[in-house]
Amino acid sequence: MPKKSLFIRVTAPGLPPWPGLYLDTNQQHAVVNFRLATWRSWERAFLLTKVTAWITSLTATVYLWQWLIFIPDPFARGFLTCVGYGITTMITKPLFPAAFAGFFARQFFAVRSTFWFTPQTVACRSPLYENHLLLERHWHGQGVLIRFDITPDLETQSQVAVTNETPHRLRRRYQSAQLLRLIISTHDPHRTIQGSSNCPLMRSLTLLEIDAQDAPHIATVLTAATALTGRMPEAQTLQTAGQDIDVASP
C-alpha cells in the first residue's frame, strides 16, 4: 500500500522564514513555492502608474471643465481647465509611481515559481521556460550533483547606463537584478587527482530572474530542499570550482 503524502512546513534556526519549505518525510518529497517581484514586474508597475496618473489627470480635467460651466467665455473656461490639468499632472506624475509602483509590482505583476524535489528528480516551473524543467538526479548509474548559484544579471544591469530618464527606484531594480542558476555536475568515483582533468565538467542552467534582496533566502531554502530529499553520492568531496561546458572554449 503506497505511503500517504503529507507535507509539513520545515522550520530551522538557519532557515529563512520565506519562502516556505514543505517536506513530506514519508516519501522524501519537498515543495518550494513563491512569488517574486523582478525588474520586469517593476517595469510593468511603473508603466501602469503612468497610465493611471494620466487617466486620473484626464478625469479631473473633464470634471473641472464641467464644474466651470458657470463661466460663459469658452476661452477663459478652457484656459482655467488647462491650468487645472497642468496642476493635476504635476501632482499625479511623481506621486503615483512613488505610492503605487511597489503595490502593483508585488500584487499584480509578481511571477510565480515552484520547485519540486524527490530522491529521483528535481523539477522547476519558471516564467523563463514554456514548459517545466525536469532534471534526473541519476545519470547512467551515477549520482548527479546539483547546487544553486546566484550571479549578476549583467544584461539587465547594463540598461542603467542607457536609460537616463529611468526613475530612480526602477534604476535600483536594474542594478540589483540577479540570476538564479542550477549548476549540474556528475560524480565520478573513479576520478583521481592524477587524472587527465583536475576539474569536473559542469553545466549551468538559468532558472529565474531574481532580485538581490530575495536571492540569499531562495538559494538557502532550495539548497536545504536538495539536501533533505537526496542522498549525496558516496566518497563525494565538496567542489566549488569546475569548468562550465556551456561557456568553455572548444
Under 3.5 Å, which donor-acceptor pairs link side chains of residues 205-212 to any protein atom two or more places apart or in another chain?
unit_1, atom_1, unit_2, atom_2, d
E209, OE1, R40, NE, 2.6
E209, OE2, R40, NE, 3.2
E209, OE2, R40, NH2, 2.9
D211, OD1, S176, OG, 2.7
D211, OD2, Q213, N, 3.0

Would you tabulate the side-chain donor-acceptor contacts of residues 92-108 under 3.5 Å, counting partners in other chains and residues two or more places apart, or write 'none'?
unit_1, atom_1, unit_2, atom_2, d
T92, OG1, S57, OG, 2.9
T92, OG1, T88, O, 3.0
R106, NH1, G102, O, 3.4

If you look only at distance, which donor and acceptor atoms sit under 3.5 Å apart when one is on a side chain in residues 70-86 and the other is two or more places apart or in another chain?
unit_1, atom_1, unit_2, atom_2, d
D73, OD1, F75, N, 3.1
R77, NE, W65, O, 2.9
R77, NH2, W65, O, 2.6
T81, OG1, R77, O, 2.8

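In terms of heavy-atom proximity, T49 sits nearest to F46 at OG1-O, 2.6 Å. Summarising the geometry of N33 relative to P19, their closest heavy-atom pair is O-CB, 4.2 Å, with the distance given to 0.1 Å. Across every non-hydrogen atom of F109 and S41, the tightest pair is O-OG, 2.7 Å. Across S204 and R181, no two heavy atoms sit closer than the pair OG-NH1, 3.7 Å.
Atom CG of D214 and atom CZ of R35 lie 12.0 Å apart (nearest 0.5 Å). Between Q175 atom CD and R172 atom CZ the span is 9.0 Å, to the nearest 0.5 Å. Distance check: D149 CG to R147 CZ gives 5.5 Å after rounding to the nearest 0.5 Å. A distance of 10.5 Å separates CG in L134 from SG in C124, rounded to the nearest 0.5 Å. Note that CD1 of I69 and CH2 of W67 are 12.5 Å apart. Values are rounded to the nearest 0.5 Å. Annotation: the span from F148 atom CZ to T223 atom OG1 amounts to 6.5 Å, rounded to 0.5 Å.
Linking ILVMFWY side-chain heavy atoms closer than 4.5 Å, directly or via other members, places F115 and Y129 in a single hydrophobic cluster. One hydrophobic cluster, built from ILVMFWY side chains closer than 4.5 Å, cannot hold both L48 and I55; they sit in different ones. L58 and L68 fall into different hydrophobic clusters, where Ile, Leu, Val, Met, Phe, Trp and Tyr side chains are chained together by heavy-atom contacts under 4.5 Å. Under the 4.5 Å side-chain heavy-atom criterion for grouping Ile, Leu, Val, Met, Phe, Trp and Tyr, V10 is connected to W18 within one hydrophobic cluster. Hydrophobic clustering (side-chain heavy atoms under 4.5 Å, transitive across Ile, Leu, Val, Met, Phe, Trp, Tyr) groups L21 together with L36.
The backbone N or O of A177 lies less than 3.5 Å from a partner atom in the side chain of Q157, making a donor-acceptor pair. Checking side-chain atoms of S158 against main-chain N and O of E155 turns up a donor-acceptor pair under 3.5 Å.
A donor and an acceptor atom, one from each side chain of T156 and R173, are nowhere located under 3.5 Å apart. Checked by atom type, the side-chain pair T118/T121 shows a donor-acceptor distance below 3.5 Å.
In this structure, the side chain to side chain contact (heavy atoms under 4.5 Å, CB included) partners of I150, at least two apart in sequence or on a different chain, are Q178, L180, A215, A219. Contacts of V31 classified as side chain to side chain contact (heavy atoms under 4.5 Å, CB included), with partners at least two apart in sequence or in another chain: F7, T114, W116. Partners of H217 according to the ring-ring contact (aromatic ring centres under 6.0 Å, His included) rule, which considers only residues two or more places apart in sequence or in another chain, do not exist here.
At a threshold of 4.5 Å between non-hydrogen side-chain atoms, the residues T226 and V122 do not count as touching. Between T89 and W54, every side-chain heavy-atom pair lies at or beyond the 4.5 Å cut-off.
Screening H29, R137, Q28 for a side-chain hydrogen bond (donor to acceptor under 3.5 Å, both in side chains) with T229, the sole residue that qualifies is R137.
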